Q: 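The structure under discussion is supplied below as structure tokens; questions concerning it will follow.
None of the values given here were measured: they were computed from a predicted structure.
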Amino acid sequence: MTAFPIEADAVLSHTVLDPDPVVAADHRRFYLGAIGGKKVIVAMTGIGLVNATDAAETAFAYFSSSVGAVVFSGVAGGAGRTGIADVAVPARWTSDGGVTFRPVDASMLATAETVSVTLKNARAMRHQPQLVVGGDGCSYDNNNGQAFPCIPHGGGVFGCQPRTAPDRSFFYTGNFLQAVWPWLRHGLISNAKIVSAADPAFDATDSESAAVQAVGEAHGVPFLAVRGISDGPGDPLHLPGFPFQFFVYHRVAAVNAARVTADFLNRWPGA
């Protein structure tokens with residue numbers, strides 16, 4: 001699973017799609033194929049906890065017993081041990097700011113520790129990005145409990161489809177029509193208070209992982225999140241944090257997360 005188009009495109013670049021790869025379910029698109037010899041269903045959730053929960057529940061409802069594990073590949077804010085272009089694979093996730101945590105699957109985490117890939121440098125960066133396995137991740141809700149609407153033809157962040165999707169259509173609107181008015185009425189209020197990505201208590205902060213993990217656990221399915229760092233320490237341009245760093249570095253962060261995800265799937269002996 002991924003949140004927005006650039007993340008999905010990075011994963012699809014490692015995916016060998018089936019001859020008839022597209023499955024439409026509940027106004028969503030799923031792409032069937034293989035990564036590292038593992039059969040996969042690639043899905044773009046949309047931004048935020050509500051969208052992530054809905055996408056995961058749709059996947060389990062439609063594909064039922066076909067889902068053996070969930071891997072989320074995307075970008076995140078970093079702090080402490082992680083900086084821009086690094087990749088974090090946290091050992092546990094929280095959705096309440098650290099009051100409670102859910103551990104990821106132990107066997108998947110152990111496999112992540114064996115991953116060995118060359119990560120892409122961000123522009124002007126002199127040090128080599130690192131893979132950081134373990135530690136804590138946190139997922140925040142910046143939308144006041146509302147689904148964040150994708151925007152038709154909204155580009156690599158706000159768009160409704162991966163730009164390399166085999167069924168990409170100018171007429172596909174994703175959840176825009178259903179979500180835009182509730183979000184404008186209720187979700188936009190809390191967007192005035194953006195949670196800082198550089199929270200030193202966590203190696204990765206995002207808006208989806210913990211929600212997908214909760215759905216996976218409810219179905220008895222193991223979970224792992226791979227998060228490339230798009231904003232936080234180590235910025236060679238010294239930009240003023242999120243969202244400025246995010247829009248400069250989200251592409252390299254997504255590419256690095258997908259590289260780790262692909263190598264992980266090649267190594268993992270699981271489902």
Q: Same cluster or not: Phe4 versus Tyr172, using hydrophobic residues (I, L, V, M, F, W, Y) connected whenever any side-chain heavy atoms lie under 4.5 Å apart?
A: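 Shared cluster, no.
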Q: Please check if the distance between the ring centroids of Phe30 and Phe63 is under 6.0 Å.
A: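 Aromatic pair counts; centres sit under 6.0 Å.
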Q: Is there a path from Val115 to Val11 through hydrophobic residues (I, L, V, M, F, W, Y) whose side chains come within less than 4.5 Å of each other?
A: yes
Q: Go through it in stages, so that I can follow the logic: the residues are Val248 and Leu239, the test is side-chain contact (heavy atoms from CB on, under 4.5 Å), and I'd like the CA-CA distance, side-chain angles, deciding distance and then a yes or no.
A: CA-CA 9 Å; Val248 172; Leu239 297 170; 3.6 Å; yes
Q: Would you confirm whether Arg168, through its side chain, and Gln161, through its main-chain N or O, come within 3.5 Å as a donor-acceptor pair?
A: no
Q: Testing the basics here: between Val133 and Ala112, what is the closest heavy-atom pair and its distance to 0.1 Å?
A: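 Here Val133 and Ala112 meet closest at CG2-O, 3.8 Å.
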Q: Should the ring pair Trp268 and Phe264 be called parallel, tilted or perpendicular, given that the plane angle runs from 0 to 90° and is split at 30 and 60?
A: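 Taking Phe264 first and then Trp268, their aromatic rings lie parallel (interplane angle under 30°).
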Q: Determine the minimum heavy-atom distance between Pro90 and Gly137, stating which atoms define it.
A: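 In this case the closest contact between Pro90 and Gly137 is CB-N, 3.6 Å.
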Q: Okay, side chain of Asn175, backbone of Gln178: is any donor-acceptor separation there less than 3.5 Å?
A: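 Checking the backbone N and O of Gln178 against the side chain of Asn175, no donor-acceptor pair under 3.5 Å is found.
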Q: Specify the closest pair of heavy atoms between Val67 and Ala59, including all atoms of both residues, with the distance to one decimal.
A: CG2-O, 4.5 Å
Q: Hey, does Val40 have a side-chain heavy atom less than 4.5 Å from the side chain of Thr15?
A: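 Yes, their side chains come closer than 4.5 Å.
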Q: Where the side chain of Thr94 meets the backbone of Asp96, is there a donor-acceptor pair that is under 3.5 Å apart?
A: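 Between the backbone of Asp96 and the side chain of Thr94 there is a qualifying donor-acceptor contact (under 3.5 Å).
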Q: More than 12 heavy atoms of other residues, nucleotides or ligands under 6.0 Å from NE2 of His27: is that the case?
A: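 Atom NE2 in His27 is not crowded, with 12 or fewer foreign heavy atoms closer than 6.0 Å.
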Q: Please round to the nearest 0.5 Å and tell me the distance separating atom CZ of Arg29 and atom CG of Asp167.
A: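 Between atom CZ of Arg29 and atom CG of Asp167 there are 5.5 Å.
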Q: Is the closest side-chain heavy-atom distance between Phe72 and Leu224 below 4.5 Å?
A: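 With C-beta onward as the side chain, the pair stays apart.
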Q: Got a second to check how far Asn256's CG is from Arg251's CZ, nearest 0.5 Å?
A: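 It comes to 13.0 Å.
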Q: Determine the minimum heavy-atom distance between Gly155 and Pro5, stating which atoms define it.
A: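 It is O-CG, 3.4 Å.
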Q: Without hydrogens or angle criteria, can the side chains of Asp203 and Thr82 be said to hold a donor-acceptor pair below 3.5 Å?
A: no
Q: Consider only side-chain N and O atoms of Asp86 and Gln130, and report whether a donor and an acceptor are under 3.5 Å apart.
A: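 Short answer, no.
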Q: For residues Ala254 and Val75, report the shortest heavy-atom separation together with the two atoms involved.
A: N-CG1, 3.5 Å
Q: Is Val70 reachable from Val23 through a run of I, L, V, M, F, W or Y residues, each pair having side-chain heavy atoms under 4.5 Å apart?
A: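 Yes, because Val23 and Val70 connect within a single hydrophobic cluster, where side-chain heavy atoms sit under 4.5 Å apart.
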Q: Is Ser139 reaching over with its side chain to a backbone N or O of Ala210, donor-acceptor style, under 3.5 angstrom?
A: yes
Q: At their closest point, which heavy atom of Val87 faces which heavy atom of Ala257, and how far apart are they?
A: CG2-N, 4.0 Å
Q: Can we say Arg28 and Asp54 salt-bridge, meaning some charged N sits less than 4.0 Å from an Asp/Glu carboxylate O?
A: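 Judged by the 4.0 Å cut-off on N to carboxylate O distance, Arg28 and Asp54 do form a salt bridge.
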Q: Do Val212 and Met44 belong to the same hydrophobic cluster, where Ile, Leu, Val, Met, Phe, Trp and Tyr are linked whenever their side-chain heavy atoms lie under 4.5 Å apart, directly or via other members?
A: no
Q: Less than 4.0 Å between a side-chain N and a carboxylate O, is that true for Asp263 and Arg267?
A: yes
Q: With distance as the sole test, does Thr111 use its side chain to make a donor-acceptor pair with the main-chain N or O of Ser107 at under 3.5 Å?
A: yes
Q: Return yes if some donor-acceptor pair links the side-chain N/O of Asp235 with the main-chain N/O of Leu237 below 3.5 Å, else return no.
A: yes
Q: Mark yes or no for whether Gln128, through its side chain, and Asn121, through its backbone, hold a donor-acceptor pair below 3.5 Å.
A: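 Side chain of Gln128 to backbone of Asn121: no pair is present.
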Q: Does any non-hydrogen side-chain atom of Gln213 lie less than 4.5 Å from one of Val104?
A: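 Yes, at least one pair of side-chain atoms sits under 4.5 Å.
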Q: Compute whether any side-chain donor of one residue and acceptor of the other, for Asp18 and Tyr31, lie under 3.5 angstrom apart.
A: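 No, no side-chain donor-acceptor pair sits under 3.5 Å.
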Q: Leu32 and Leu17: side-chain contact (heavy atoms from CB on, under 4.5 Å), yes or no, with the steps?
A: CA-CA 6 Å; Leu32 310 183; Leu17 292 172; over 6 Å; no
Q: Identify the residue among Thr164, Thr2, Ile35 that makes a side chain to side chain contact (heavy atoms under 4.5 Å, CB included) with Leu12.
A: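 For Leu12, the side chain to side chain contact (heavy atoms under 4.5 Å, CB included) test succeeds with only one of Thr164, Thr2, Ile35, which is Thr164.
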Q: Within the distance-only criterion (no hydrogens, no angle test), does the side chain of Arg259 pair as donor or acceptor with the backbone N or O of Ala10 below 3.5 angstrom?
A: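 No, the answer is negative, given that no donor and acceptor are paired below the 3.5 Å cut-off.
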Q: Check the angle between the aromatic planes of His153 and Phe170 and answer parallel, tilted or perpendicular using the 30° and 60° thresholds.
A: tilted
Q: Donor-acceptor check, side chain of Lys38 to backbone of Leu265, threshold 3.5 angstrom: yes or no?
A: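 Yes.
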Q: Does Asp20 form a side-chain contact (heavy atoms from CB on, under 4.5 Å) with Val22? I'd like the steps, not just the answer.
A: CA-CA 6 Å; Asp20 187 17; Val22 182; 5.5 Å; no
Q: Any non-hydrogen side-chain atom of Asn143 less than 4.5 Å from a side-chain atom of Leu188?
A: no
Q: Walk me through it: do Met125 and Ile84 pass the test side-chain contact (heavy atoms from CB on, under 4.5 Å)?
A: CA-CA 9 Å; Met125 180 175 287; Ile84 288 172; 3.9 Å; yes
Q: Taking 4.0 angstrom as the limit, do Glu208 and Arg227 come out as a salt bridge?
A: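 Between Arg227 and Glu208 there is a salt bridge, with a charged N closer than 4.0 Å to a carboxylate O.
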Q: About how many Å separate SG of Cys160 and CZ of Phe176, when rounded to the nearest 0.5 Å?
A: 8.0 Å
Q: Determine whether the aromatic ring centres of residues Trp183 and Phe148 are separated by less than 6.0 angstrom.
A: yes
Q: Any link between Val117 and Ile229 through a network of hydrophobic side chains (Ile, Leu, Val, Met, Phe, Trp, Tyr) touching at under 4.5 Å?
A: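 Not linked; separate clusters.
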Q: Measuring from Thr45:OG1 to Asn51:CG, what's the distance to the nearest 0.5 Å?
A: 6.5 Å
Q: Rounded to the nearest 0.5 Å, what's the gap from CZ on Phe202 to CZ on Arg92? Could you check?
A: 9.0 Å
Q: Hey, are the side chains of Ser73 and Met1 touching, using non-hydrogen atoms and a 4.5 Å cut-off?
A: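 No. Closest side-chain heavy atoms not under 4.5 Å.
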Q: Is there a side-chain contact between Tyr140 and Asp206 (heavy atoms, below 4.5 Å)?
A: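 Tyr140 does not reach Asp206 side chain to side chain.
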Q: How about CZ on Phe60, more than 12 heavy atoms from neighbouring residues, nucleotides or ligands closer than 6.0 Å, or not?
A: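 Atom CZ in Phe60 is crowded, with more than 12 foreign heavy atoms closer than 6.0 Å.
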Q: Side-chain contact, heavy-atom cut-off 4.5 Å: Ser209 with Phe223?
A: yes
Q: Hey, does His250 have a side-chain heavy atom less than 4.5 Å from the side chain of Gln245?
A: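 Heavy-atom side-chain distance check fails, nothing below 4.5 Å.
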Q: So, does Thr53 use its side chain to make a donor-acceptor pair with the main chain of Leu49 at under 3.5 Å?
A: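 Yes; at least one donor-acceptor contact below 3.5 Å.
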